[in-house]
Structure formats: structure tokens, C-alpha cells
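Data block below; observations after.
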2 protein chains.
Amino acid sequence: MRAEILSIGTELLLGYISDTNATYLARQLSAMGIDLFFVSQVGDNLERLTETLARARSRADIVITTGGLGPTEDDLTHEAICAVLGETPYVDPQLEADLRAFFAERRVTMPERNIKQAWLIPSATALPNPRGTAPGWWTERDGVVIISMPGVPSEMMRMWEREAVPRLRPYTGGLLFTRILRVYGLGESTVEERLGELTHTDNPTIATYAKQDAVDVRITAKAGSEAEARALVDDMDMRARAALGERYVFGTDQDTLPAVVLRLLEQRGETLGVMESCTGGLLASMLTDIPGSSVAFRGGIVAYATDLKAQFGVPQSILDAHGAVAVETARAMTQAARERLGASVGIGVTGVAGPDEQEGKPVGEVHIAVASDRGVRDTSQRWRGSRADIKNRAALTALNLLRLTLLDQPREG
Amino acid sequence: MRAEILSIGTELLLGYISDTNATYLARQLSAMGIDLFFVSQVGDNLERLTETLARARSRADIVITTGGLGPTEDDLTHEAICAVLGETPYVDPQLEADLRAFFAERRVTMPERNIKQAWLIPSATALPNPRGTAPGWWTERDGVVIISMPGVPSEMMRMWEREAVPRLRPYTGGLLFTRILRVYGLGESTVEERLGELTHTDNPTIATYAKQDAVDVRITAKAGSEAEARALVDDMDMRARAALGERYVFGTDQDTLPAVVLRLLEQRGETLGVMESCTGGLLASMLTDIPGSSVAFRGGIVAYATDLKAQFGVPQSILDAHGAVAVETARAMTQAARERLGASVGIGVTGVAGPDEQEGKPVGEVHIAVASDRGVRDTSQRWRGSRADIKNRAALTALNLLRLTLLDQPREG
């Protein structure tokens, strides 16, 4: 089964936007076991569009287009499909009624040029688009399917997931179920090494992706029913966790480290305060990105200038003895954070984000500590990378250390 | 003059990465007045790559490829060029010497398969790549140019700017000079409206782009020499600033608001402390993203829980009278920040990032104040958008208010 993607719109060829639709669809096709050999970007030009579409039809079983479904003269995707198939469009009464209802609901007069968004041809079925005015088409002729979808990513993704994927089931030979295990604390190559033989299975398939905030292990199974596919994924999930080490898997699918940590704090009735220097507010900002974070997160102190560490409660004797960048200082910062911020749990982060060394400590040296009533844990690291990389890894490693600490502590009640 | 882009690599077709190289090159070509009609992504497959390259050569004057220049069997771009042109590669002694020197400097033995990175053909000139081991090729035959560059964005961009653009000068009929004016505080449509007639000129051209941290106004001029092109840009720069209002333009090219603000603080011998609640650490994190920020930035307090505002110096009477989300509270936060953080200038930010309203104040209501010895300024806003959008706009607006305050204050000395 071969697919080809056409991304349509002059704005792509002017570099105004990146073709993230193609990336999304490429990933989806890969997970479905459908080969993708070509992606083409074409402008809003009927001749070039028709030429490219005809070529795609000649070498693929499924052609997926995004863009060019708007109401203006520049929107030519359905015109190109008509030209390639030699079919003449007509206004479909049901689509026209839906379209007029869409405008009526919004108390806007429908511009008459929008009527072409109610077009249909004999070989096409309309794909509904409740997020916009442009329906897609599922066009099937001569053994080749053309799926035409809008270019707006949110409209396209909904249409793909709800309308296209179910219709593609006969082509992929079953139903797919995917789960992502999110891993922190192991590099991608170590994850692959630990998964070993598991990565060579056919169904489920298992693949790793390094993300900025985790290594993702994507498990995808294909089966006759969702329950069967899910059972295959569940089994592989168990084996993958055993191979990786259960504690490295911090969540699944959309989970993020700050969200997981906030959930654990809430479940245990704990509150959090942070004192950070080299992460410079990033740790607090990651936590407050999560809706509802105010339940467990009390606040933070960004003690960037060294004298502020003392000002906010780090004993001067510790700073004198060990300096600002030291594990002892990170440990003292956790206690200061708990006291000054009135939190049951504290995090302290200190280090050298660069570009220059500090107190003779090299760029990338970072000390992190977590404290609660049950004691203090710490970790010291030396990372390479840019200032942004070091800030990011330090904040995530702090969250992960807190996660592991909380896991060892029973829930309330 | 027509160009076509080929982005080469199976990782694109699996959706592991987005084709940002094509977006970058598309923008560059557009600014140079070169038409781009097609972009194609192709995997690491010699047959498909050769087919696509041959087609591109048949319909474009300039074919630009990225990717496929590595040393492995999967890297096939130069093989495809050889196949299309019917030329046989040889190992170029100078390229081989450079390659071996690259490895020797890093005290690494060169794997013998890397030798193909020293290949050349009669129609090609090598394009140096000091950031990596893969040189590019400038290949010219039958009136068509092929520019092959590495896929790593930093290597590609350097090669494009330093090696390809100068060689393209005869094709673009002159030399280009570009400057970006970075604008904060006006929406993109207002920027376009104010620029008015200026956007309709041919040389320089002027175009606007909405970015996450600013609206960019890109001015590009073409002339016989750099001095002439620069003079054209200078003139348009002056007219654009006059049309926009000088104070809305916070910088040029790579400038960011936090970097500009830190520079202004340093020039005036001021130091900064921030107290933030709804931005949750993002304001401090934006500032500490800038290397050297520790010169002027002392630190921050993330007073997320309301009682922490009082704990860190906001008078309880103000909180009782106006609540946590109020302009009076933002003003009091600036004074608390100055005192507690030992800074000459303070910022206070309080508001409702959502998803729920707070104290009866709606999501998106944000109050920002800036204080120095010369007094306090504030602004109150009501934004729509996601939690992340509101955090981002609040932090940027705080930085911009500080910028305007500092501009009204003379430099030291």
C-alpha cells in the first residue's frame, strides 16, 4: 500500500508557513504501515496542481491532499481533481444546506463564491468538516483513492482522524491502536538497547523518538477489533516497561513531567515550592503551564544573584564553605524554599548554564535536590549543550527527581 | 528564474522531522525574487531520487537539494546527481586532505566510508562546510544549476548564505540586503495599515510576518553593490519607522525583547527584580535565556499562591481592598520586588491565565507595572487565547513596558 502527499498552497512556497500537515500525516501513515514515498508542495496554480496530482495517482494507491479547499479563485484542489478524473462538479443540495446553515448560525451572509464548497462529483463522497466551511472529498476511481482535506491543521486533523482513518481500515487490514510510553532518565540509544528484540516485532510495532522533554516509545498494534489491538498493546506495554525499568516510564500519550508531578503531589496532599538559579524561572514556568497547578504549586524564588540565596534563607556558612554552585547549596535551597514559600516539599536547583564558567565550575554542572519531611535527595550532573538545553534538562531532571521521591511515598487516605 | 527544492531523507517521510529547511529556503528565494514552483520530499532511494531530480532539472533553472550527503549507504544525493548527468565521481585530493584534517583535529580515526565525502565530478565545484564533514556541490551543466547541501539546518544555512547566495548573484541581477524591523505593541493588521503605500513598492520590498514574540517587518533591497542596497534599505527603514511610530520598533534582525531590555538596563546602570504571579516564572525565564543576563537581572519571586504576595511584601491592606488581581496590586508588587530582590527597577505582573476565572476577574485580565526611582507606570489588559498565549503576552508586554520606561530615562555618563 503506497501513499503520496500533496500539500497545496502558495504560502508554503513563499516560506510563510512550514508544512507541518505533511509531518503529521507522514507519522500517521507510518504508524498504519502505509508506505509514503513522496511528498510534494505545489502552489495555487491549476496546471501545476493537475500535473502533480496526475503523477501522484499514477504511482500511489492513496493520494492525500491538504489545502486549496477555500472559496476563492486561488483554491483549486477540487478543480484539479475534476480535471484529472474528467468529471464535472455539481452543487450537492445537502452540502449546500449544511453550508448555508453554517453561515446562518453565525449570523453572517454567505458570500456566493462559497457555493463551490458544496460541490461534489460522481466519484466523490463528502467528508464533513464541523470546524470550518470546507468539506473534504473521499474520491475513489480506478483503484486509487484521493483524500482531499483542508489546510487548516485543526480542521485537517479532525477530518483525518474521524473521517479518513475509519475509511482506510480496509486498506490497512485492521484496526490500529497506539500507545506512547514516555521515558525520562535514559538516552534514546539506551532505550533502544534495553528494548532489544522487542523492536523487531511486526505486530505490535515499537519505535522510539527523542523528544525535547522525554524519549517516546510508540507501540502500535493492528487487529480486527479495537479490543484485540488494545490487548496486543497492553501486552507489549508490560514487556517494554519490564525491559526499560518501570520507574523510567513517567506516563503515557499526552502526559508531561510537570503534569504527572502535580498529580502525584495532589494525590499525596503535598504542596511544592522551588528555589532555582541556573534554570532562572523555567522550572516554575513549566509547572505553571499546567492548568490547575495552583492546587499544589505555591510559588518559586529565582535566586539569580548569589547574595539572594542568602537573603532567601540559604545559610551564609554553606555558601562560604561550598560556593553557590554545589550540592550542599542545592540541599539548603530546598529547605529555604519550603520555609519561605510555606510548602511541604521543596526543590533546589543551582548550576552553570553558560556561556561562561562560574566559581571555577564548568558550564553544564548542575546540582539538584528535593526535600520533604522524609528527608532530602539530590543529584549532580554535568551536561553538554547550549544554555537553553542546560536549563531545559535541569528543570526536567528536577521534576523527575521529585516524581521518584513521591512514588516512594504512599498516597494519603 | 525558476527554482525547485528537493528535500532528501526517509526521516522526513516517516514524519520524524518537519522540513524546516524548505521553509527557510523558500523564504530566501522569495526575498531574492526567484520563483519557487515545487518542493518535493523524497526518501533515501536511488531510483526515486534520480527520477525526481531529473524532473526538477527539466522544469527549473536552479535545483536545490538538502540532505543525503552523509557517508552511509543511505546517503545518495551525489550518486543521483552523477546518474542524472552521466558523470563519474573521483576522489578530489584537496577535499580528501580537508576531510582527513577534520577528523585528525578531533583525534578520531576517519571511517573509510567517509571517503565519498571527498567526491567530485567534472561539472561540480565543492562548497565548503566547516561545520561538518559533508561539503556541498555547485553543479552547472546545460544551463541548469544544482546546489546540493547537507540536511543539518545549521550546516545548510551557513553554506547557503556564505557559498550559494554569492554564487547566485548573476542570476538574481544584483545584490540583496535585508533588514528586519521588530515591532511590539501593534497587531499585524495595524502594522500593514500604518505601512500603507510602502508595502506596494518594488525595490525595496517590504513585508510583514506575525511571530510569537513580535511582528516582523522585512525590508529587502536589490542593487549593484551592497552599499547601494543598504542605502535603499536605510531609506525605507526611516520611512517605515515614521509610519509605524518609532517607539513600536524595539530592535532589528536577531534582537529579542528580553535582550534589548537587558542592554538598556546595563547602559543605564540599573538592576532588575521581578515579582510575577500569572506568568508563573516565564518572565524570569525569558530574561535568563539571554547570556550575560546576570549583569542586570538579580532575580524573581513567583508569588503563585495569593498569601505569598503578602509574605513577600505586598501590603495586606492593598490585597484586602483590591484583591490579588488588580492594578494596585501589580504596582505594590514592583516595590516589593525592588526591596526584596535589592534591585533598582521592579516589575509586577498579576492576572488570570485561566482556564478558570479568579476573584470574579475574567480569564485574560492582566495587570502589569514597572517601577524605578522615577515613579511607577502600569498597563491593564484583557487578552483572549490559551493559558500559554496569555502567559507569553503578559511577559512580553511587561518587558515592553520596561523598555519604554527605560527609553525615557537618559543613559549614565
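Lettering follows sequence order; numbering is per chain, from 1.
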Between A:D307 and chain B, which part of the residue has a heavy atom less than 4.5 Å away: side chain, backbone, both or neither?
side chain
Side-chain touch B:F38/A:Q41, heavy atoms, less than 4.5 angstrom:
no
Note: B:D289-A:K391 ion pair, threshold 4.0 Å (strictly below):
yes
Contact class of A:L12 relative to chain B, heavy atoms under 4.5 angstrom
backbone
Under 4.5 Å between any side-chain heavy atoms of B:F37 and A:N45, yes or no?
no
So which part of A:L341 gets closer than 4.5 Å to some heavy atom of chain B, the side chain, the backbone, both or neither?
both
Quick one, A:V39 and B:L13 - any side-chain contact, counting heavy atoms below 4.5 Å?
yes
Could you look at A:R387 and say if it's the side chain, the backbone, both or neither that has a heavy atom under 4.5 Å from chain B?
side chain
Ionic contact status for B:E51 with A:R59, cut-off 4.0 Å:
yes
If one checks every heavy atom of A:Y16 against chain B at 4.5 Å, the contacting part turns out to be both
Select one option (side chain, backbone, both, neither) describing which atoms of A:T279 are under 4.5 Å from chain B's heavy atoms.
backbone
Under 4.5 Å, counting heavy-atom pairs only, tell me which of B:G354, B:G280, B:G292 racks up the most with chain A.
B:G280
Applying side-chain contact (heavy atoms from CB on, under 4.5 Å) to A:L287 and B:Y304, what does each step give before you reach the verdict?
CA-CA 11 Å; A:L287 286 159; B:Y304 214 57; over 6 Å; no
